[in-house]
Amino acid sequence: MSSTQKSHVYIYAVSMIAAVAGLLFGFDTGIISGALLFIQKDFPISTEMKELIVSSVLLGAMFGALASGHLADKFGRRRLMLIVSSLFIIGTTIASFANHVYIILLGRLFIGLAIGIGSYTAPLYIAEVSPYELRGALVSLNQLAITLGILCSYIINYSFTNIDGSWRWMFGLGLVPAVALSLGMIFLPESPRWLIKQNMTDRAVNVLQKLRNSKNVSHEINEIEKSLKIKQASFREIFAPWIRPVLFLGAMLGFIQQVTGINTIIYYAPTIFQLAGFQNTSSSILATVGIGVVNVLATVFAVYYLDKIGRRPLLLAGLVGMCLSLMGLSIAFHLQSQFAMLRWLAMSCTFTYIICFAFSLGVMLWLVVSEIFPLEVRATAMGVAVFSCWFWNFVVSSTFLTLLNLFGPSQTFLLYAVICVFSFIFCYYKTPETRGVTLEEIEENIRKRYPLRIIGQPITTNLDVPNALDFQTG
Ligand code: BGC
């Protein structure tokens, strides 16, 4: 095995361990729909309480994401991942042994905190340890793990359908990956970029030599040091005029990922299938497992092609596919009463929607927000973008059923389709291609105030932007 191959094996192993946080994110957001059915058999709970149990994780995740920036700079990326795994263990234990519904709520809040901080720290950590030519694939392992976690939760929900009291097991199984994450993180190195920021350059050199399986890492160290020397940041720095455009881009991508409707399907697929005319509950749940499977497969496709085809073509093609699928869903529901066969159109559009999301916005949000922020503000700015994602997730998932009641499924899906059109226009004009450049090159382009669309071009390229400094807002 050549030394490059050896370093690739090691970096893949490091990224896969960190991505277990993604698996827990997917598992714990997916398991609740099934667990809830059994919790209500053990404890008489109101509809509001049910909604609260579902949304407690999202609320916890929002707060977790907000605190993450500060915590990641204070404790370092690796130690924060250890804290995340402990929070998962504590929350899962509380929720599975709960003897009162408020205790379940408390456990789910802890899990939410862990998900929020983990959804931020895992991609950040992976991006900072990756060599640039593998960064897309490695960071997207985290999204692949999210989809695997969702699939596991669907399968567990399906298999436990007839076992009473099984909600404790449903939650409790989350302990396995949580403990694995804890043990795995003990052996992983700290991010070299964070070490340099803390003036621990000698340690950073050792870590990078191990990660790259090469003694010759001085160029990479110099680049990181250069990007740090320029200015030391304070919190306010993230609102500095030169950072504002990328901060806006990050927050917008978090918004777009959620308001185009993904979690109406991930969280409510059985309901949608039943509304479309598939009355049998267990076949709706089985079809949901199918959703989980195509979600994973399309993400594998993206992980493979991101660094080859590039981010933008996948993102834009995915948005077009999502928009068409949502329009198909809307038509199927609109004409449902006249043509019963249209339920098959609804089913296939749900599947194509998931495929298109998975290879575009699904991987892209976490990847792009881990790449675009300059090192000095990366931690805080990425926290803002991840917060935006969790906040809009909360808004969409807590309004979906109300929208269904008020406007019906046809108009509700039409609304998400229209949002997709605006999202496409935004992404077309504002999202950069970041394939094949280092994080430091992206940063240098941002400092030069290049328009957002071209901040991902290698700095050696002769950019055709004579008055680049005139672009204030990207
Ligand atoms: C999103 C989640 C979503 C999942 C589906 C993630 O990228 O942030 O909200 O449930 O993808 O695979």
Greater than 12 external heavy atoms within 6.0 Å of Met200's CE: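 Yes.
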Flag if over 12 foreign heavy atoms under 6.0 Å of OH, Tyr10: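 Result for OH/Tyr10: enclosed.
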Donor on one side chain, acceptor on other, Gln457 and Asn445, under 3.5 Å: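 Short answer, no.
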Asn393 and Ser397: side chain donor to acceptor below 3.5 Å: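 Checked: Asn393/Ser397 side chains pair up, N/O donor to acceptor below 3.5 Å.
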Quick one: pull up [atom1] in [X] and [atom2] in [Y] and give me the separation to the nearest 0.5 Å.
X	Y	atom1	atom2	result
Asn142	Thr299	CG	OG1	11.0 Å
Ser68	His70	OG	NE2	11.0 Å
Ser423	Phe255	OG	CZ	7.0 Å
Leu211	Ser130	CG	OG	9.0 Å
Thr93	Phe171	OG1	CZ	12.5 Å
Asp307	Thr434	CG	OG1	9.0 Å

Closest non-hydrogen atom pair, Val437 against Gly456: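 Of all heavy-atom pairs spanning Val437 and Gly456, the closest is CG1-O, 3.0 Å.
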Least distance between heavy atoms, Tyr132 atom then Thr438 atom: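 Shortest heavy-atom contact: CD2-CG2, 3.6 Å.
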Evaluation steps, side-chain contact (heavy atoms from CB on, under 4.5 Å), between Val84 and Ile115: CA-CA 8 Å; Val84 164; Ile115 294 180; over 6 Å; no
Hey, is [X] close enough to [Y] for a salt bridge, meaning N to O under 4.0 Å?
X	Y	answer
Arg212	Glu220	yes
Asp73	Arg378	no
Arg311	Glu371	yes
Glu128	Arg78	no

CA sep, side-chain torsions, deciding dist, call: Thr201, Glu225, side-chain contact (heavy atoms from CB on, under 4.5 Å): CA-CA 9 Å; Thr201 309; Glu225 280 181 332; 3.5 Å; yes
Aromatic plane relationship, Phe25 with Trp366 - under 30° parallel, 30 to 60° tilted, over 60° perpendicular: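 It falls in the perpendicular class, over 60°.
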Aromatic plane relationship, Phe400 with Phe413 - under 30° parallel, 30 to 60° tilted, over 60° perpendicular: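 Taking Phe400 first and then Phe413, their aromatic rings sit tilted (interplane angle of 30° to 60°).
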Side-chain donor/acceptor of Gln209 to backbone N/O of Lys215, under 3.5 Å: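 Yes; at least one donor-acceptor contact below 3.5 Å.
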Candidate pair Val20 and Phe88, rule side-chain contact (heavy atoms from CB on, under 4.5 Å), full reasoning: CA-CA 11 Å; Val20 175; Phe88 270 119; over 6 Å; no
Steps toward ring-ring contact (aromatic ring centres under 6.0 Å, His included) verdict (Tyr305, Phe301): CA-CA 6 Å; Tyr305 282 109; Phe301 170 86; 4.8 Å; yes
Axial cation check for Tyr428 ring with Lys430, 6.0 Å and 45° limits: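 The answer is no; the distance or angle limit is not met.
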Cation-pi, Tyr120 ring and Arg77 (6.0 angstrom, 45 degrees):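 Output no; distance or angle outside limits.
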side-chain contact (heavy atoms from CB on, under 4.5 Å) between Leu452 and Val246, intermediate numbers included: CA-CA 7 Å; Leu452 284 175; Val246 261; 3.8 Å; yes
